[in-house]
> 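A single structure is presented below for examination.
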Amino acid sequence: MSTKKNVFQFFALWQHEKEETWLNQMAAEGWNLVSTTGLTYQFEHSDTEAFTYRLEYLKESPRNMVNKPYFDFLAESGIEVVDSFRNWVYLRKPAELGPFDLYSDLDSRIEHYERIKKGYMSILGIVGVVLAINLWDYLITGELPVSAFLIVLIGVLGWGYRSLSTTLANLRKKRKLSE
Amino acid sequence: MTETYTALTETVYYILLALLEPNHGYGIMQDVEQLSEGRLKLAAGTLYGALTTLVERGWIRTLPNPIESRRINYQIEPDGRQALNHELNRLEELLANGKKLLKEQK
């Protein structure tokens with residue numbers, strides 16, 4: 001059996017929890033993530049090494065040296081950086097060292113989602129405007145299939161915004177009653 | 001500057017307690033888990049964020065670690081100690097009122 005494989009899988013920016021769950025399912029089957037391009041995932045099989053994976057959206061690019069003290073800090077409890085994609089960093093911790101969570105209170109969970117939303121908004125701002133201008137052009141020239149496609153794209157972007165906003169609103173509501 | 005004290009979060013309260021003596025990140029996690037008898041497990045991201053905020057606020061400070069330069073030590077500052085004392089008074093009030101009123105109900 002091959003010990004390496006490359007898997008194509010798409011997750012939108014607001015689906016990081018889904019992505020995390022998927023990576024941990026792969027890990028449970030012995031397939032440990034070793035690198036990613038954001039769309040493709042490279043795994044290595046191991047019968048002995050088990051890991052828990054977590055994704056975190058950082059304020060600065062994970063390649064930026066400002067994150068080094070943070071990564072050193074994580075290393076103290078056995079957490080290692082696997083790879084990064086844009087501002088996302090893929091982290092893992094050997095299962096034998098115990099459970100692995102990045103956040104233990106609502107405040108930090110809310111801050112994380114605020115960072116994700118801010119990052120998403122900066123993309124949405126540019127892509128949304130470009131899409132809307134194009135849609136306008138295609139609509140007045142009567143190119144319906146392309147127009148329909150653009151409307152779907154804009155809809156998906158809007159859905160992402162809604163998804164992030166709902167998660168944040170729910171966390172904030174919870175925070176009003178407890179930490 | 002006079003500080004106005006509001007309630008500390010559980011995370012901040014326990015971090016300050018764990019920093020009455022110099023301690024590093026992983027040590028804080030272990031101490032807090034032990035102090036709370038396994039109830040509170042501070043996660044690395046949450047802890048790092050809180051430590052950064054507390055340093056900026058001047059409630060704790062970083063210490064150079066002579067043995068391992070990558071592992072940063074932290075310790076409480078007078079302002080942090082004062083915040084802890086205020087919190088302790090507040091908690092005593094909460095506890096006393098809760099006990100009193102719940103007992104009256106029985």
Side-chain angles (χ1 to χ4, degrees), chain A residues 16-17 20 51-60 62 65-82 84 87-95 97-116 171-172 174-179, chain B residues 6-19 22-57 59-65 67-74 87 90-91 94 98:
Chain A
H16 80 278
E17 284 180 16
E20 228 175 54
F51 295 97
T52 311
Y53 285 83
R54 293 279 173 239
L55 268 67
E56 188 172 27
Y57 191 90
L58 301 177
K59 204 170 145 194
E60 305 290 338
M65 283 304 283
V66 294
N67 289 307
K68 192 170 179 299
Y70 179 50
F71 294 154
D72 285 344
F73 183 88
L74 293 179
E76 277 187 46
S77 47
I79 302 164
E80 56 175 324
V81 175
V82 177
S84 64
N87 284 34
W88 287 102
V89 62
Y90 292 72
L91 302 163
R92 73 177 183 188
K93 181 174 160 178
L97 296 181
F100 173 26
D101 279 306
L102 280 170
Y103 303 113
S104 50
D105 63 16
L106 284 170
D107 284 334
S108 48
R109 215 164 287 152
I110 289 170
E111 269 173 45
H112 188 216
Y113 265 97
E114 279 171 347
R115 282 203 300 275
I116 298 173
L171 285 172
R172 287 193 179 122
K174 231 173 152 182
R175 179 63 180 90
K176 282 189 177 167
L177 295 177
S178 60
E179 290 177 10
Chain B
T6 50
L8 300 184
T9 62
E10 184 176 67
T11 302
V12 166
Y13 179 72
Y14 265 123
I15 290 174
L16 290 177
L17 277 186
L19 289 180
N23 209 343
H24 56 88
Y26 188 55
I28 298 170
M29 285 182 192
Q30 287 176 315
D31 285 0
V32 169
E33 189 172 346
Q34 211 174 359
L35 280 169
S36 68
E37 291 175 357
R39 184 181 60 80
L40 185 61
K41 294 182 180 73
L42 290 181
T46 298
L47 177 57
Y48 189 79
L51 287 172
T52 310
T53 311
L54 286 170
V55 170
E56 280 168 14
R57 187 91 185 250
W59 286 9
I60 63 170
R61 67 188 172 113
T62 55
L63 303 171
N65 187 326
I67 306 156
E68 245 183 300
S69 62
R70 270 165 37 132
R71 187 176 260 194
I72 297 171
N73 276 338
Y74 301 85
E87 181 64 6
R90 193 187 70 88
L91 289 173
L94 293 184

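Order of the sequence lines sets the chain letters (A, B, ...), proteins ahead of strands, with each chain counted from 1. Note: hydrogens, waters and symmetry copies are ignored here, and every other heavy atom, side chains too, is used. Computed from a predicted structure; not experimentally measured.
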> Is it the side chain or the backbone of Leu91(A) that comes within 4.5 Å of chain B heavy atoms, both, or neither?
neither
> Assess the side chains of Glu56(A) and His112(A): does a donor N or O sit below 3.5 Å from an acceptor N or O?
no
> Give a yes or no on whether Gln34(B) atom CD has more than 12 heavy-atom contacts from other residues, nucleotides or ligands under 6.0 Å away.
no
> Would you mind checking which part of Phe73(A) comes under 4.5 Å of any heavy atom in chain B, side chain (CB onward), backbone (N, CA, C, O), both or neither?
side chain
> Looking at Arg39(B) and Glu33(B), is there a salt bridge between them, counting it only when a charged N and a carboxylate O are closer than 4.0 Å?
no
> Can you say whether Leu51(B) sits under 4.5 Å from chain A via the side chain, the backbone, both, or neither, judging by heavy atoms?
side chain
> With chain A, which of Ala43(B), Gly27(B), Gly25(B), Ala44(B) has the greatest number of heavy-atom pairs at distances under 4.5 Å?
Ala43(B)
> Out of Asp105(A), Asp101(A), Ile79(A), return the one with the most heavy atom pairs under 4.5 angstrom to chain B.
Asp105(A)
> Going by atom types alone, do Asn73(B) and Asn23(B) pair a side-chain donor with an acceptor below 3.5 Å?
no
> Does Arg92(A) count as lying over the ring of Phe51(A), i.e. NZ or CZ under 6.0 Å from the six-ring centre, within 45 degrees of the axis?
yes
> Check each atom of Pro99(A) against the heavy atoms of chain B and say whether the ones under 4.5 Å are side chain, backbone, both or neither.
neither
